Amino acid sequence: MKFIHLTDLHLTAPGEKLWGLDPHQRVQAALDDIVAHHADAERVIITGDLTERGERAAYAALKEMLDRLPMSYHLMLGNHDEREAYYSVFGGPKDDDGFAQHAIETSVGRFLFLDTLKGPPSSAGLYCQVRRAWLSARLDGPVWLFQHHPPFPIGHPLMDLIPLDDGEGFGALLVGKDVRHLFFGHAHRTISGQWRGIPFSALPSLNHQLPLVGGSVPTVYSDEPSLYAAVLIEENRTIVHSDAFLDRHPAQMAPEAERGNWY
Ligand SMILES: [Fe+2]
């Protein structure tokens, strides 16, 4: 099965740029590319920071773009999101306690979409006891986790100021469970590795990035390639491809060169 992972859209009110870039144009370009090249994907999964300031108009613009997709989509909230404004546009899904989290059964196991929004003034994440109870009740069988905040330090001095609170407590819930992969956002960088034996991956934002080394550019954020991921899952195999869709250009070669000799 195939799905698409996107993250950190940071949509503004329509017509408003963010750090010199147009997040609406970025999202539409990504969705157009996904429809053109990955129409066979089962779903699009977006791991939070859907908007920059939680504005209703930004959520409405997002819904309009997503509703044109031929596949289903699943949204999570990040620290830049606002739960009530999100619900006012999307309606849900929400759990019985009002958090924006839900579960679906897929051909490869259960996908769990978590709500790690803590809320202002903090940009860190929170996964409280109520949300933990929801998760703990759904960890039987193979599961795939999707959330905004990483539950561990990622080795970046700025991001490590605002991870998920008590990530080790969160990790303790997963001990002995069959967690196949953790997908998260928040980092505004490509990251992959493993945590407590769980493979994970994260992606850049569709808009602005966080330079790996502070001071390598004179600003806090950087303009580096945006990526989406095409994730391929078969029994005993998970492949996470990333595609720099805005930076994909033909190579300097004749169109017929290097064809027919790949064996
Ligand atoms: Fe973000």
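The shown structure was predicted, so the numbers you read here are calculated from the model rather than taken from an experiment. Side chains included, hydrogens not; waters and symmetry mates left out as well; all remaining heavy atoms used.
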Colleague: Other hydrophobic cluster members with W262, side-chain heavy atoms of Ile/Leu/Val/Met/Phe/Trp/Tyr under 4.5 Å, chained?
Modeller: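 Noted: W262 shares its cluster with no other residue.
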
Colleague: Quick one: are the ring centres of F3 and F146 less than 6.0 Å apart?
Modeller: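 Ring centroids of F3 and F146 are less than 6.0 Å from each other.
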
Colleague: Nearest 0.5 Å, what's the CG-CG distance between D178 and L139?
Modeller: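 Nearest 0.5 Å value for the CG-CG distance: 10.0 Å.
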
Colleague: Regarding H156 and R189, do their side chains bring together a donor and an acceptor under 3.5 Å, going by distance alone?
Modeller: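 Per modelled atom types, H156 and R189 side chains form no pair under 3.5 Å.
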
Colleague: For a quick test of reading the model, state the closest non-hydrogen atom pair linking H38 to M71 and the distance between them.
Modeller: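 Nearest pair, atom of H38 first, then M71: O-CE, 3.5 Å.
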
Colleague: Salt bridge between D140 and K177, side-chain N to carboxylate O under 4.0 Å?
Modeller: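 No, no charged N to carboxylate O under 4.0 Å.
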
Colleague: Check this for me: R248, atom CZ, are more than 12 non-hydrogen atoms of other residues, nucleotides or ligands nearer than 6.0 Å?
Modeller: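 Yes.
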
Colleague: Report the distance from atom CD of E224 to atom OG of S205, rounding to the nearest 0.5 Å.
Modeller: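 Spacing of CD (E224) from OG (S205) equals 11.0 Å.
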
Colleague: May I ask you to check whether R68 and Q28 show a side-chain donor-acceptor distance below 3.5 Å?
Modeller: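 Judged by distance alone, the side chains do pair up.
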
Colleague: Do Y127 and D166 get their side chains close enough for a donor-acceptor pair, meaning under 3.5 Å?
Modeller: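 Y127 vs D166: no donor-acceptor pair found between side chains.
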
Colleague: Could you tell me whether the side chains of H5 and T47 share a donor-acceptor contact shorter than 3.5 Å?
Modeller: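 Note: H5 and T47 side chains meet the donor-acceptor criterion.
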
Colleague: Let me confirm one number: the CG-NE2 distance from D49 to H80, rounded to the nearest 0.5 Å.
Modeller: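 D49 CG to H80 NE2: 5.0 Å, rounded to 0.5 Å.
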
Colleague: Consider only side-chain N and O atoms of R180 and T238, and report whether a donor and an acceptor are under 3.5 Å apart.
Modeller: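 No.
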
Colleague: Counting neighbours of CD on E235 that are heavy atoms of other residues, nucleotides or ligands and sit closer than 6.0 Å, is the number greater than 12?
Modeller: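 12 or below, so no.
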
Colleague: Consider side chain to side chain contact (heavy atoms under 4.5 Å, CB included). Of D32, I46, D22, L11, which one does V27 pass it with?
Modeller: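 Looking at D32, I46, D22, L11, the match for V27 under the side chain to side chain contact (heavy atoms under 4.5 Å, CB included) is L11.
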
Colleague: Give a yes/no verdict on a cation-pi contact between K94 and Y87, requiring under 6.0 Å between NZ or CZ and the six-membered ring centre and an angle within 45° of the axis.
Modeller: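 Yes, a cation-pi geometry holds between K94 and Y87.
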
Colleague: Keeping the roles fixed (side chain from R196, backbone from V175), state whether a donor-acceptor pair exists under 3.5 Å.
Modeller: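 Checking the backbone N and O of V175 against the side chain of R196, no donor-acceptor pair under 3.5 Å is found.
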
Colleague: Taking the six-membered ring for Trp and the full ring for Phe, Tyr or His, determine whether the centres of H181 and F183 are under 6.0 Å apart.
Modeller: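 Yes - the distance between ring centres of H181 and F183 falls below the 6.0 Å cut-off.
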
Colleague: Indicate whether the side chain of H208 and that of D223 have a donor and an acceptor atom separated by less than 3.5 Å.
Modeller: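 Side chains of H208 and D223: no pair found under 3.5 Å.
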
Colleague: Is it true that the side chains of N79 and H148 contain a donor and an acceptor less than 3.5 Å apart?
Modeller: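 Yes - a donor-acceptor pair under 3.5 Å links their side chains.
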
Colleague: To the nearest 0.5 angstrom, please state how far the OG atom of S226 sits from the CG atom of D243.
Modeller: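 S226 atom OG to D243 atom CG measures 11.5 Å (nearest 0.5 Å).
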
Colleague: When rounded to the nearest 0.5 angstrom, what distance separates CG in N207 from CD in Q25?
Modeller: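 Result: 10.5 Å between the selected atoms.
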
Colleague: Could you give me the CA-CA distance, side-chain angles and deciding distance for F170 and L114, then say whether side-chain contact (heavy atoms from CB on, under 4.5 Å) is met?
Modeller: CA-CA 12 Å; F170 177 84; L114 311 188; 3.8 Å; yes

Colleague: Could you see if L246 belongs to whatever hydrophobic cluster contains L206? Use Ile, Leu, Val, Met, Phe, Trp, Tyr and a side-chain cutoff under 4.5 Å.
Modeller: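 Result: yes, single cluster for both.
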
Colleague: How long is the gap from CG on L6 to OH on Y228, to the nearest 0.5 Å?
Modeller: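 Those atoms lie 8.5 Å apart.
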
Colleague: Please verify the inter-ring angle class for F113 with H74; under 30° counts as parallel, over 60° as perpendicular, anything in between as tilted.
Modeller: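 Judged by the thresholds at 30° and 60°, the geometry between F113 and H74 is parallel.
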
Colleague: Show your working on side-chain contact (heavy atoms from CB on, under 4.5 Å) between T190 and L227 and close with a plain yes or no.
Modeller: CA-CA 8 Å; T190 307; L227 304 176; 3.3 Å; yes

Colleague: Could you check whether W195 and F200 have their ring centres less than 6.0 Å apart?
Modeller: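 No, too far apart.
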
Colleague: Got a salt bridge between R53 and E82, using NZ or NE/NH1/NH2 to carboxylate O under 4.0 Å?
Modeller: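 No salt bridge links R53 with E82.
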
